[in-house]
Every structure is written in structure tokens, then in C-alpha cells.
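One structure, as C-alpha cells, below. Some questions next.
Start at 1 and go down the list; that is how both ligands and their atoms are numbered. Just so you know, residue 1 is the first one in the sequence shown, and it goes up from there.
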Amino acid sequence: MNTRSKSAAQQTRSLRKRPVEKNEETQAVKIAKVEVEGQFYSVKAAPKSLWQAQRQMNEEIARSSSSNSQNTRKKSLRNKETMKFGNDKYLYTDHNENNDDRMWQNVKNALEARESVFGTDGVNLKLPSEQNMDSLCKAQDFRRWSFLQYSEKGCVLEDTVASDGKEIMRNMLKNSTEEDEKVARDEINKIIADAGSGIILKGSSSRREIKNGNFSVFVNKTQLENLTESAMAGLRFELIDRNIVDKAPFDKKIQTALENLEREEEKPPYKETHHYTCTPECVCCRPSGSFPAPPKGALEPLIHTKMVKGITLRSRQYFDVGESVTDFFGNVIHDGQMDDNNYAFELYSEVNDRKVFEKMIRNNESKSSRPLSEDYCKNLKELIGHNFSIDPKQKGSIGRFISSSCMGNLVPHVVYKNGINPLNAEIAFTACMPIYPQQELSFFYSCGYIYKNLKDSCLCGELCCIRNMHLFPYIRKDDVIKFYKKLYGRLHEEFKLRVLTKNSVNC
Ligand SMILES: C[S@@+](CC[C@H](N)C(=O)[O-])C[C@H]1O[C@@H](n2cnc3c(N)ncnc32)[C@H](O)[C@@H]1O
């Protein structure tokens, strides 16, 4: 079975890779290398000031929400009923209050926390700047070229994508008529007019909360009537707070190496940290605080208005570019264990990571941090060349519900939370665009995944969505700008109405 073609993230992973440039290597302590497809995606690791600020904000939010949740918990225990799907029983709570009020309360708390850290003048709620727009246009160009190249050649080679994709687009244009162009223009204008309609996820006053174990999801009253067993499958899911691994299926050598690493962690070479550590690509490979932990309770799982999309996540606060939004962990598996699975995210692959691990071991003499022990290096070496993935299908974090988008407002980073060990590796998602309350969280799964699975059904609503391939040659820079102005205009307007009018934020 060729499991490689079945991982949602495998191609994302190879796309994220690009050659390390000399001058970057020297700054690698500060720069986490992430997907760079156009300038917009070159999100740097959070500067120290940001992770400190975000940590402070998180603490503030936690303080204010814990006092609120004590009041609401009493209410949510009322009116609980059970629902049955097959053999599973779910609890659901019939909330008569306006659930959205709770979300906006959270938004206000988060904004106050932001103000307490940055001051009211420094609060960074903004529409994308001209520079953001410029980068967005470039990223959209790149995405369109990639999809076209993928559809013709079945792969995306980064150094050829621009010229090949452009050429395909030129030919499409050459072969089109004036009438084709007119029809395309009308369609583009319609998409612009609808910008945000699928990714601004408004709740309703009659939402229900469905619970299974510790996990709950919100549905609108009308959705409740149409829930099918398959839609409920996502609720057979257990929230856990760190990676888990069943070592039994691993090859004996890997098993031993992993166990040895774990043993050494009992007297860890690194202190437990409040924040995430480096990405594996970072040559310093020490816990340098490259990403702060995301705030708790900032995201809300809900069934998408178009139920075929299943469970999605919406934001319950504003996030600025670069901030940590959520994490992603689950069962650590190796390729042989992958079934036909949409969820697994590849952590390592021989091709991508051999050099990184080798460099990490070579650079073990850093003066600024405690070196890895010889045994530790030996065990890490044993793991070089094996593929591990994180599979959150049955057990994991709510990061598993992040949707695919042909653009995406998040970027993934592989990080170690607690010592360099594949079992500690997680994905940290940071915002690559400003994210407003009610906005759906998404990232670009990969050309391959989208082309194979969502070519005819993607509901990301982006101008550069794969479903709009026939429009690609006609999309102009000013269309992209109009699209995002419309989308962010809508989000910002509601934010101002619901929150900012009562705050002294200058926007
Ligand atoms: C990793 S899962 C995401 C969580 C999923 N929505 C759920 O309910 O479990 C990927 C699946 O979500 C759905 N999905 C994700 N992004 C989508 C998109 N842009 N358009 C349509 N469906 C999407 C597809 O069914 C896809 O196979």
C-alpha cells in the first residue's frame, strides 16, 4: 500500500522545505524556517517580545475567563438531553441564551488582555496593510501557478513552478475568447462580492452544544435535525494534552532508541518550558522560545454551515500575524501504520530531515545551551532516516479540525515542546494573516492533497481556490485586493460594532 500518497500533510511538508540560504543559517537562532511561497508566508519565529507578550496575554485571558466560566458552567448543566447515533450516546445542551454573547465576551476579555500588554495605542488590530496586500497578491499568484502546474504535471517542483505555471496561464488566455473573458469577469466579481461568506462562521442564538467525553462541538438548531452518523464520527474523538505513542509496532531498533531517549528525559537535558522550543530546522536546536503557547479556549469547534465540510474551528478572539493560535498533537506513528487517513501530519522524512538531525548533532557544542549527552546523540542518530507522523484521528488536540484552504490563515511549524525527541514533536500553528473573531481557521494542506481530495468540493471560498482554476488567467491584482478588502472590511466592521465601540482602541 502506498501510504505516502495518503497523508494530508506529506506534500505540505516537502513544500515547506526550501534550500537554506547562507545568511539565514547565521541567523537561524532567530528565524524559524517555515513555508515560503511568496513573501507573505515568511513568518519569522516570534521575537522574544512577542512570545513574552503573548504569554502575558494568555495569562490575562485565562484569569478573566475562569471567573466567567464558573458562572456559565452552572447554566450549561441545565437542560441536558441525550442523543443516540448507532451505539454512541451523546449529551447535548439546549442553550436558550445567545451563545454568541459568550464568544463576544471572550473577544472582549482577549482585547483587554491585549491592551494590558500593549497599551491602547499599541493594540494591533488592523486590516491588512498595503504591504500585506502586496504579499497576498504574490502568494495568490504562486498558488495559482502551483495548481496549474500540478494539474498538468502531477507534481510541484518549486524552482519550476513559477515559469511553468505562468506559461500554462498564458496559453489559457491565448486560447480564450472575449466572451470567455466576460463570463469569467462576472464570476470573479461574484466571488469578490461574496468574500468571507464561507469562512466567517456566525453562530446562531439557538445553537446546541453536543458533548462526547471532554470534547464538545456547536451546531445550529437546523443542523441538529440533519445530523447523520457520519457527521457525528468526528465526535468519537478524545482530547489529549500531549503526543502518545504505542511503540509496539515500531521496528526493534527504533523502539530501543525511543525508549532510551525517554529514559534520558527522566533527567531531562532541558528544563520543562512554558513555551515551545525550536523547530527541528533551527540549527541552534535548543529551547530558545521560538513560539509561545497558544491561548486556551481561543477556538471553538462547530459544524460548518455546509455540513459536508464537517467540524471546523472558529476563532473566539483576534490574533495578529505571527501569534500562536493552536497546536496539533496525537498518536505518533510511522508510515507503515498509516491507514487511509486524512489526518496524519508528517513530522520527519528521510529526505527532508536527515541533514537537520545531522547538523543538530554536529552543532552540539553550543556555548549558550547545555549540550546533548553522547548517549542522546547516539539514539537520535538511530532515528535518522525514519518517517514519523502525528495522527490525531482518534486522540489529539482540536487542531485536527483545522480546514484546508487554498490560501490559509495559519502556517504550521514542527516544534519540540520538551526536549528533542520525535515523541515530543508537535505542530504549532501561527497566524500568517490577521485573524478575527468568527473567522474559520485554515491552512494550506498541500497541492497534492487538495488536487486529489478537494478539486471539485473545496469550500475555502478563496479567489485562488482550486475550484476556480478556469478563472485563474483572468484574476488580476486588483481583484485580489478587492477580495481581501471586502473580507476584512466585513470582519473589522462587526468587530468594531460588537467590541471596539466600548473600548478606546484607535483603529
Ligand atoms: C483533517 S480533516 C478536517 C476535520 C474535518 N472537517 C472533520 O470534521 O473531522 C479533513 C477533512 O475535512 C473536510 N475539509 C477540510 N477542508 C475542507 C475544504 N476546504 N472544503 C471542503 N471540505 C473540507 C474534508 O472532508 C477533509 O477530508
task: First locate atom SG of Cys406, then atom CG of Leu454, and finally report the distance between them rounded to the nearest 0.5 Å.
output: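 The distance works out to 7.5 Å.
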query: For ligand 1, which atoms, with element, lie under 4.0 Å from some heavy atom of Cys458?
result: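 Checking each atom against Cys458, I get 19 (N), 20 (N).
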- prompt: Given that the side chain starts at C-beta and the backbone is N, CA, C, O, which of these parts of Arg400 lies under 4.0 Å from ligand 1, counting heavy atoms, or is it both or neither?
  reply: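 Near ligand 1, Arg400 shows its backbone as well as its side chain.
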- prompt: Which atoms of ligand 1 are found less than 4.0 Å from any heavy atom of Ile311?
  reply: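 Checking each atom against Ile311, I get 4 (C), 5 (C), 6 (N), 7 (C), 8 (O).
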query: Is Asp134 salt-bridged to Lys477, going by a charged N under 4.0 Å from an acidic O?
result: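 Looking at Asp134 and Lys477, the cut-off is met.
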message: Just to check, does Leu454 reach to within less than 4.0 Å of ligand 1 when the distance is taken from its heavy atoms?
response: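 Judged by the 4.0 Å heavy-atom criterion, Leu454 does count as contacting ligand 1.
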query: Looking only at non-hydrogen atoms, which of Glu462, His304, Lys309, Lys393 approaches atom 14 (N) of ligand 1 most closely?
result: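 It is Lys309 whose heavy atom sits nearest to atom 14 (N) of ligand 1.
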Any donor-acceptor pair under 3.5 Å from Thr312 side chain to Ile303 backbone: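 No, Thr312 side chain to Ile303 backbone: no donor-acceptor pair under 3.5 Å.
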With sequence neighbours excluded, residues passing side-chain hydrogen bond (donor to acceptor under 3.5 Å, both in side chains) with Glu462: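 With sequence neighbours excluded, Glu462 shows a side-chain hydrogen bond (donor to acceptor under 3.5 Å, both in side chains) to Gln140, Tyr484, given in chain and number order.
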query: Less than 6.0 Å separating the ring centroids of Phe328 and Phe443?
result: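 Ring-ring flag for Phe328/Phe443: false, centres at least 6.0 Å apart.
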field: Donor on one side chain, acceptor on other, Asn109 and Gln105, under 3.5 Å
entry: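 Note: Asn109 and Gln105 side chains meet the donor-acceptor criterion.
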message: When you compare ligand 1 with Leu459, is there at least one nitrogen or oxygen pair between them that comes in under 3.5 angstrom?
response: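 N/O-N/O distance under 3.5 Å: yes.
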- request: Please work out whether any backbone atom (N, CA, C, O) or any side-chain heavy atom from C-beta onward of Tyr449 is under 4.0 Å from ligand 1, and answer side chain, backbone, both or neither.
  value: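 The answer is the side chain of Tyr449.
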message: Once you restrict to heavy atoms under 4.0 Å, what part of Ser405 touches ligand 1? Side chain, backbone, both or neither.
response: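 Neither; nothing of Ser405 gets under 4.0 Å from ligand 1.
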- prompt: Ion pair present between Arg242 and Asp327, side-chain N to carboxylate O less than 4.0 angstrom?
  reply: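 Here Arg242 does not pair with Asp327 in a salt bridge, since their nearest N and O are not under 4.0 Å apart.
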field: For Ser457, the ligand 1 atoms whose distance to one of its heavy atoms is below 4.0 Å
entry: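 This gives 20 (N), 21 (C) as the contact atoms.
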message: Any heavy atom of Gly234 closer to ligand 1 than 4.0 angstrom?
response: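 No, Gly234 has no heavy atoms under 4.0 Å from ligand 1.
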message: Once side chain to side chain contact (heavy atoms under 4.5 Å, CB included) is applied, do any residues pair with Glu494, and if so which ones, sequence neighbours excluded?
response: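 Only Trp104, Lys202, Gln438, Arg498 meet the side chain to side chain contact (heavy atoms under 4.5 Å, CB included) criterion with Glu494.
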- request: With heavy atoms of Ser404 as the reference, note each atom of ligand 1 found under 4.0 Å away.
  value: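 Once the distances to Ser404 are compared, the set is 15 (C), 16 (N), 18 (C), 19 (N).
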- request: Heavy-atom distances under 4.0 Å are what count here, so tell me which part of Thr312 touches ligand 1: side chain, backbone, both or neither.
  value: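 Under 4.0 Å from ligand 1, Thr312 contributes no heavy atoms.
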